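Shown next, in structure tokens, is the structure this report addresses.
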Amino acid sequence: VGNAPNALESRIFQRVRASGGRVTAPKRAVVAALAASDRHLTAEDLAERAADALPGIAPSTVYRVLANLEDAGVVEHVHNGREPAFYHLRDRGHAHLVCNRCGAIIDIPDDLFTGLRATIRRRYGFTIEPHHAALLGRCAACRETH
Ligand SMILES: [Zn+2]
Ligand SMILES: [Zn+2]
Ligand SMILES: [Zn+2]
């Protein structure tokens, strides 16, 4: 893995700059760690991975960088009902199903929420954020063995 940012990372840094933020070495390390993985990484996971690229980076720095990147609109966190939240690049954002029993995580597309979003908005004047928290339940395997 080289140090040159790929197209996705470059786009993200452009947006960070456009929102008035600076692109620092810790930000590069965190964005690179997010871009390199499609797994569901917590702030702690990201602190470990960022330290591979930037030895000695403090976890507190990584947490601050994550908050910063969220403010810039390029990162989002996902509550999942059991662990600490995990993080995605906003460009790759999506909704989640999380199994209460085994912790399996299933990524699901936004279009599933189209009708629900409109109905809830109309009836309650409420705007749902499907990416922000997972839907909790039972996965197929756990349902069968129970
Ligand atoms: Zn399960
Ligand atoms: Zn996901
Ligand atoms: Zn939240």
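Predicted, not measured: the structure shown is a model, and the values here were computed from it. Counting starts at 1 for both ligands and their atoms, following the listed order.
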**Prompt:** So, does Lys27 use its side chain to make a donor-acceptor pair with the main chain of Leu69 at under 3.5 Å?
**Reply:**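 A pair under 3.5 Å: no.
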**Message:** Strictly distance-based, threshold 3.5 Å: is any side-chain N or O of Thr61 a donor or acceptor partner for the main-chain N or O of Ile57?
**Reply:**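 Checking the backbone N and O of Ile57 against the side chain of Thr61, no donor-acceptor pair under 3.5 Å is found.
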Compare all side-chain heavy atoms of [X] with those of [Y] and state whether any distance is below 4.5 angstrom.
{"X": "Ile106", "Y": "Ile108", "result": "yes"}
{"X": "Phe113", "Y": "Leu135", "result": "yes"}
{"X": "Pro130", "Y": "Arg117", "result": "yes"}
{"X": "Asn80", "Y": "Ile105", "result": "no"}

**Under-2.8 Å protein N/O/S neighbours of the Zn ion (ligand 3), ordered by chain then residue number** =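 Counting only protein N, O or S atoms under 2.8 Å from the Zn ion (ligand 3), the list reads His77 NE2, His79 NE2, His132 NE2.
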To the nearest 0.5 Å, what is the distance between [atom1] on [X] and [atom2] on [Y]?
{"X": "His79", "Y": "His131", "atom1": "NE2", "atom2": "NE2", "value": "14.0 Å"}
{"X": "Arg92", "Y": "Leu8", "atom1": "CZ", "atom2": "CG", "value": "5.5 Å"}
{"X": "Leu89", "Y": "Leu34", "atom1": "CG", "atom2": "CG", "value": "4.5 Å"}
{"X": "Arg11", "Y": "Asn6", "atom1": "CZ", "atom2": "CG", "value": "9.0 Å"}
{"X": "Thr24", "Y": "Asn68", "atom1": "OG1", "atom2": "CG", "value": "7.5 Å"}

**Prompt:** Looking just at side-chain N and O atoms, do Glu76 and His132 make a donor-acceptor pair shorter than 3.5 Å?
**Reply:**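 Judged by distance alone, the side chains do not pair up.
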**side chain to side chain donor-acceptor pair (under 3.5 Å): pairs with one or both residues in residues 39-50, sequence neighbours excluded** =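 For residues 39-50: His40-His88, His40-His96, His40-Asp107, Thr42-Asp45.
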**Request:** For the Zn ion (ligand 1), state how many protein N, O or S atoms fall inside a distance shorter than 2.8 Å.
**Result:**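 N, O or S atoms of the protein closer than 2.8 Å: 4.
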**Message:** Which of the protein's N, O or S atoms come within less than 2.8 Å of the Zn ion (ligand 2), not counting waters?
**Reply:**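 Result, waters dropped: His40 NE2, His88 NE2, His94 NE2, His96 NE2, Asp107 OD1.
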